[in-house]
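Worksheet: the structure to be examined is printed underneath.
All chains are named by letter (A, B, ...) in the order of the sequence lines, taking the proteins before the strands, and each is independently numbered beginning at 1.
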Amino acid sequence: MNDEHYKRLEELVYRLVSSIPEGKISTYKDIAVAAGIPKASRLIGKILNRNPNPIVVPCHRVVRSNGSVGGYRFGTKMKVELLKREGIVINESNMKIVDFNRVRFKLIR
DNA sequence: CGATTGACCGCTA
DNA sequence: TTAGCGGCCAATC
């Protein structure tokens, strides 16, 4: 994978994440699959970590595939707050999304 | 160069 | 159900 491919991958990831509507969430794994790199879910986190525009790209709507909230550049607490604000219910004791499958957004391409 | 490090995943015991 | 562990891939050391 050269720089050109990688750059395109980043753009695709940001586009996919931006398509997640308010009140819905997706997972690092789902993004990886949609981006054509099903085994590189860790890479998705890495890309989102240096998200150039956190305001535009709602990267807080991306959680772990097991339903737990996962990490966030500005702290897990902030991520939880943002999600709650959008109507996502979170079990604070185990940091898991309540009704995980119900609020899961199906990515389009 | 090789080793380590993440906003992770899935198998196995 | 949970914890441990190997695998994954690019960046960083």
(request) Rounded off to whole Å, could you give me the CD1-to-P distance for the A:Ile31 and C:dC9 pair? (result) 18 Å
(message) Go nucleotide by nucleotide along DNA chain B from the 5' end; which of A:Lys46 and A:Asn66 gets its closest nucleotide reached first?
(response) A:Lys46
(message) Whole angstroms only, please: what is the CD1-P distance between A:Ile47 and B:dA7?
(response) 13 Å
(message) In this structure, how many angstroms lie between the P atom of B:dA7 and the CZ atom of A:Arg50, rounded?
(response) 11 Å
(request) Answer yes when A:Lys84 and A:Glu92 have at least one side-chain N-carboxylate O distance shorter than 4.0 Å, and no when they do not. (result) yes
(request) Map A:Ser65 and A:Leu43 onto DNA chain B by nearest heavy atom, then report which one ends up closer to the 5' terminus. (result) A:Leu43
(message) Please determine whether a side-chain nitrogen or oxygen atom of A:Ser41 lies at a distance below 4.0 Å from atom OP1 or OP2 of C:dC8.
(response) no
(message) With a 3.5 Å cut-off and heavy atoms only, can you find an N or O donor on one side and an acceptor on the other between the side chain of A:Tyr28 and the base of B:dA7?
(response) yes
(message) In this structure, how many angstroms lie between the P atom of C:dC9 and the CD atom of A:Glu10, rounded?
(response) 17 Å
(message) Using 0.5 Å steps for rounding, measure from the CD1 atom of A:Ile97 to the CG atom of A:Leu83.
(response) 5.5 Å
(message) For a quick check of understanding: with a heavy-atom distance under 4.0 Å over all strands, which category does A:Arg64 fall into, base, sugar-phosphate or nothing?
(response) sugar-phosphate
(request) Give a yes/no on whether any side-chain N or O of A:Arg42 is located under 4.0 angstrom from OP1 or OP2 of C:dC8. (result) no
(request) Measure from NZ on A:Lys7 to C1' on C:dA10 and round the result to the nearest Å. (result) 17 Å
(message) If I take atom CD1 in residue A:Ile44 and atom C1' in nucleotide B:dA7, what distance separates them, rounded to the nearest angstrom?
(response) 11 Å
(message) For a quick check under 3.5 Å, do A:Glu86 and A:His60 share a side-chain donor-acceptor pair by atom type?
(response) yes
(request) Might you confirm whether atom CG of A:Asp3 has over 12 heavy atoms from other residues, nucleotides or ligands at distances under 6.0 Å? (result) no
(request) Rounded to the nearest angstrom, tell me the gap between atom NZ in A:Lys79 and atom P in B:dA7. (result) 10 Å
(request) Could you tell me whether A:Asp30 and A:Arg104 have a side-chain N and a carboxylate O separated by less than 4.0 Å? (result) yes
(request) Round to the nearest Å and state the distance from A:Lys29 atom NZ to C:dG7 atom P. (result) 16 Å
